[in-house]
Peer 1: 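Pasting a structure here, questions to come.
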Amino acid sequence: METESEPYVRLTTLRQLHQVMADMNTARSLADTLQTVADGVVNGLGYELACVNLVRPDGDLVVAALAGNSAAEALITGRVGSRASWDRRLSMGEAWGDLRFIPHTEGWVLDEDDVPQWYTDGPAPRFEDEWHPSDRLFAPMYTPGVSGGKCGELIGVLSMDRPRNGRRPGAWGREALQMYAFQAAIAISNARLRANMQRALVRLEREQQALRASEESFRQAFEYAPSGMAIAEMGGDQHGRILRTNDALCRLLGRPASAMRRYSFSDLVHPEDIGTLLRTSAEGGRAELRLGRRDGTYVWVSLRNSVVADAADGPRFLLTHVEDIEERKRRELQLAHRASHDSLTGLPNSAELRSRLSSRLCRRPTSAQLGAVESLDAAYGHGQAQYAETHPAVDPHGHGFDFRTGAEAYGAFDHHVHTIAPEGESDDGTKGLAVLFCDLDGFKSINDRFGHNAGDEVLIEVARRLSRQVRDGDTVARLGGDEFVVLADGLGRADAQDLAVRLRNEIIQPIRVDGRAMRVGASFGIGWAHCGMTADEVLKSADERMYVEKRSRPKQHRRAG
């Protein structure tokens with residue numbers, strides 16, 4: 001029967017319960033919250049010992065906090081009980097709402113399981129509602145659900161031992177314990193959330209610090225790189241527009257950074273290298289081309305592209321590394337020039353002459369080849385392409401010829417700009433590629449009388465005079481010794497003869513070497529290049545005409561003309 005003092009006891013307990021609940025929600029960390037929960041059971045609800053068993057990520061429960069007994073705290077804090085053993089406990093005994101009470105008459109079967117336990121010694125109970133030392137009382141804690149209670153996930157269990165009044169809790173005590181367990185679950189969930197947020201903030205700050213350090217490292221590597229660096233837009237209407245350059249690139253091109261931002265690389269590249277730039281892949285492509293300096297000159301560079309994506313799949317940019325290769329290119333061009341030019345006179349050598357001449361000539365298809373092409377056209381016209389591709393044609397002389405080879409040969413011939421020659425000895429108005437073969441007269445006597453150094457000076461001067469008398473685009477080459485060849489395109493027969501006279505008259509003028517005036521003569525033979533001839537055949541024809549011309553003049557007139 002309720003006494004007059006019980007309402008005051010309940011009011012005092014409610015005030016204590018309110019205070020410990022407030023304390024739970026003001027704890028700064030998860031560990032502090034767990035200990036405050038355990039302390040609240042002892043200080044606010046009147047139990048001598050309280051333990052907080054927290055569910056770990058693997059499902060087992062660990063003793064996370066204990067209050068009321070320092071010896072028990074030292075012995076079992078941090079120990080783990082399996083989830084299966086805890087599920088067994090929470091399904092036994094008497095259900096007091098969300099609470100679970102296991103009397104000593106049933107709890108003895110749990111003495112040997114793996115859940116950490118602490119026994120408080122005491123006398124056997126004398127009354128029915130008196131607490132027995134082996135009684136067990138558990139308050140499960142669930143994450144708040146739609147209607148509270150067990151609608152959520154189990155996050156832990158409060159275990160209590162020996163109420164201070166020595167009696168099993170009544171209806172009010174049970175309700176207060178359930179209310180406290182519910183609020184404790186909220187406090188623990190909030191503490192976990194705060195802990196996770198703090199860890200996330202710490203991780204975010206570390207990532208931001210690493211990003212800032214990375215950005216600073218990139219900035220320094222970009223700004224102070226010994227070779228040129230640029231960042232350009234990628235995609236859209238402004239694709240390729242330069243956004244940022246380093247000092248090395250600005251110095252290389254002689255342009256300030258503010259001016260560089262008005263250009264794209266296509267604005268700076270040499271007109272002849274536009275195709276090379278366009279063929280360079282943006283996904284890591286590389287090219288060697290020329291970029292324009294502010295003074296109007298060009299510098300050879302190696303241009304290498306890399307794609308850089310902004311964080312979180314943001315805009316993509318083109319990072320371009322620009323390396324100065326002017327010196328290497330100069331050496332390569334010098335080597336190429338040495339390989340294709342005469343070391344004494346600087347004129348194209350024999351190999352370069354034949355290359356330039358061959359590039360203007362094509363081999364006419366033979367009658368067998370033309371027949372094969374006609375047969376190929378007919379075969380395709382009658383739907384016999386497969387047969388034509390697999391069967392050779394045979395010309396009247398019995399020579400086999402593949403249709404595909406014939407088609408390729410005819411196609412190359414058909415798209416070639418043919419070189420033709422004037423017909424006969426008279427000038428019929430036809431313009432062709434004239435080949436003037438020049439052989440010096442009297443040069444051997446200069447070598448014999450004055451030495452090879454004097455002879456070399458004469459050859460150098462002859463090369464200079466020949467080069468002065470021809471047009472831009474014509475070729476003056478030295479075959480070797482005292483033989484020179486001039487390739488002059490677009491001349492008629494009379495034009496070629498006039499050119500030979502002018503060249504001869506220029507050569508026979510006195511040449512001064514070491515204070516001495518020396519004279520050499522020159523004999524010219526004019527050959528005509530036309531498709532169907534090889535370079536050697538053209539040169540042989542001109543050479544033969546030169547010898548005819550040389551023999552036709554008296555020996556005593558060859559030098560002076």
Side-chain angles (χ1 to χ4, degrees), residues 24 30-31 33-35 37-38 40-42 45 47 49-69 72-73 75-120 131-163 168-169 173-193 195-196:
M24 284 191 303
L30 177 60
T33 300
L34 295 171
Q35 189 59 51
V37 170
V41 176
V42 173
L45 298 179
Y47 290 88
L49 186 144
C51 180
V52 180
N53 301 275
L54 194 65
V55 177
R56 302 192 311 178
D58 62 2
D60 293 340
L61 281 75
V62 61
V63 178
L66 193 143
N69 190 313
E73 182 179 2
L75 180 65
I76 65 175
T77 299
R79 292 177 59 188
V80 178
S82 66
R83 182 62 176 265
S85 297
W86 273 106
D87 287 342
R88 184 183 181 190
R89 275 170 162 71
L90 298 180
S91 62
M92 292 176 57
E94 303 174 15
W96 293 351
D98 290 339
L99 306 178
R100 182 65 63 171
F101 175 72
I102 303 177
H104 65 281
T105 55
E106 298 180 27
W108 62 271
V109 299
L110 304 174
D111 290 344
E112 301 302 326
D113 66 11
D114 60 357
V115 173
Q117 302 180 75
W118 177 265
Y119 297 99
T120 304
W131 187 269
H132 189 279
S134 297
D135 288 343
R136 293 175 171 86
L137 178 60
F138 304 111
M141 296 181 293
Y142 298 93
T143 56
V146 176
S147 59
K150 293 187 288 185
C151 293
E153 179 184 358
L154 181 71
I155 64 171
V157 179
L158 296 176
S159 58
M160 286 65 62
D161 192 20
R162 189 181 290 280
R168 298 175 182 175
R174 298 173 189 176
E175 185 66 27
L177 182 57
Q178 286 188 88
M179 185 185 304
Y180 185 79
F182 179 74
Q183 294 298 324
I186 295 176
I188 292 172
S189 296
N190 290 338
R192 276 181 165 173
L193 180 61
N196 291 336

Peer 1: Please walk me through it: do Leu137 and Leu177 pass side chain to side chain contact (heavy atoms under 4.5 Å, CB included)?
Peer 2: CA-CA 10 Å; Leu137 178 60; Leu177 182 57; 3.8 Å; yes
Peer 1: For Arg162 and Pro133, which heavy atoms make the closest approach, and how far apart are they?
Peer 2: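 Of all heavy-atom pairs spanning Arg162 and Pro133, the closest is NH2-CG, 4.1 Å.
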Peer 1: Quick check for you: to the nearest 0.5 Å, what is the distance between Arg100 atom CZ and Met92 atom CE?
Peer 2: 9.5 Å
Peer 1: Got a sec, which residues hit side chain to side chain contact (heavy atoms under 4.5 Å, CB included) with Asp114, two or more places apart in sequence or on another chain?
Peer 2: Ser82, Ser85
Peer 1: Quick one, Leu66 and Trp118 - any side-chain contact, counting heavy atoms below 4.5 Å?
Peer 2: no
Peer 1: Does some side-chain heavy atom of Leu90 sit less than 4.5 Å from a side-chain heavy atom of Phe138?
Peer 2: yes
Peer 1: Please report the C-alpha distance between Leu99 and Gln178 in whole Å, then the side-chain angles of each, then the deciding distance to 0.1 Å, and finally whether the side chain to side chain contact (heavy atoms under 4.5 Å, CB included) criterion is met.
Peer 2: CA-CA 7 Å; Leu99 306 178; Gln178 286 188 88; 3.5 Å; yes
Peer 1: Looking at side-chain heavy atoms only, is the closest gap between Val157 and Met141 below 4.5 Å?
Peer 2: no
Peer 1: Which heavy atom in Ala67 sits nearest to a heavy atom in Gln35, and how many Å separate them?
Peer 2: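 Heavy atoms of Ala67 and Gln35 come nearest at CB-NE2, 4.1 Å.
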Peer 1: Which residues pass the side chain to side chain contact (heavy atoms under 4.5 Å, CB included) test with Glu94, sequence neighbours left out?
Peer 2: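 Testing Glu94 for side chain to side chain contact (heavy atoms under 4.5 Å, CB included), a comparison that skips the adjacent residues, returns Trp96, Phe101, Pro103.
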Peer 1: What pairs with Ala64 under side chain to side chain contact (heavy atoms under 4.5 Å, CB included), at least two apart in sequence or on another chain?
Peer 2: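 Ala64: side chain to side chain contact (heavy atoms under 4.5 Å, CB included) contacts with Leu34, Leu54.
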Peer 1: For the side chain of Thr143 and the backbone of Gly152, is there at least one donor-acceptor N/O pair under 3.5 Å apart?
Peer 2: no
Peer 1: Can you tell me how far the CD atom of Gln117 sits from the OG atom of Ser134, to the nearest 0.5 Å?
Peer 2: 9.5 Å
Peer 1: If every non-hydrogen atom of Val62 is compared with every non-hydrogen atom of Gly78, which pair is closest and at what distance?
Peer 2: CG2-O, 3.5 Å
Peer 1: When the side chains of residues 179-190 are checked against the rest of the protein, which donor-acceptor pairs come out under 3.5 Å, sequence neighbours left out?
Peer 2:
unit_1	atom_1	unit_2	atom_2	d
Tyr180	OH	Val37	O	2.7
Ser189	OG	Ala185	O	2.9
Asn190	ND2	Ile186	O	3.3

Peer 1: Mind checking whether Val52 and Leu158 have side chains closer than 4.5 Å, heavy atoms only?
Peer 2: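 In contact.
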Peer 1: Check side-chain hydrogen bond (donor to acceptor under 3.5 Å, both in side chains) between Arg56 and all other residues, then give those that pass, not counting sequence neighbours.
Peer 2: Asp58
Peer 1: Does any part of the side chain of Arg88, heavy atoms only, come nearer than 4.5 Å to the side chain of Leu110, both counted from C-beta?
Peer 2: yes
Peer 1: Are any of the side-chain heavy atoms of Glu73 and Val63 separated by less than 4.5 Å?
Peer 2: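 Contact flag for Glu73/Val63 side chains = no.
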Peer 1: Kindly indicate, with the supporting measurements, whether the criterion side chain to side chain contact (heavy atoms under 4.5 Å, CB included) is fulfilled by Thr33 and Arg192.
Peer 2: CA-CA 9 Å; Thr33 300; Arg192 276 181 165 173; over 6 Å; no
Peer 1: Taking the side chain from Arg79 and the backbone from Pro116, do they hold a donor-acceptor pair closer than 3.5 Å?
Peer 2: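 No, because the side chain of Arg79 does not come within donor-acceptor range (under 3.5 Å) of the backbone of Pro116.
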Peer 1: Any salt bridge (Lys or Arg N to Asp or Glu O under 4.0 Å) pairs touching residues 131-142, not counting sequence neighbours?
Peer 2: Asp111-Arg136, Asp135-Arg168
Peer 1: According to side-chain hydrogen bond (donor to acceptor under 3.5 Å, both in side chains), who are the partners of Trp86, at least two apart in sequence or on a separate chain?
Peer 2: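 Residues passing side-chain hydrogen bond (donor to acceptor under 3.5 Å, both in side chains) with Trp86: none at all.
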Peer 1: Report the residues that fulfil side chain to side chain contact (heavy atoms under 4.5 Å, CB included) with Arg83, sequence neighbours left out, ordered by chain and then residue number.
Peer 2: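 Only Val55, Asp60, Leu61, Asp87, Leu154 meet the side chain to side chain contact (heavy atoms under 4.5 Å, CB included) criterion with Arg83.
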Peer 1: Not counting sequence neighbours, which residues clear salt bridge (charged side-chain N to carboxylate O under 4.0 Å, His left out) with Arg89? List them please.
Peer 2: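 In terms of salt bridge (charged side-chain N to carboxylate O under 4.0 Å, His left out), with neighbours along the sequence ignored, Arg89 is linked to Asp113.
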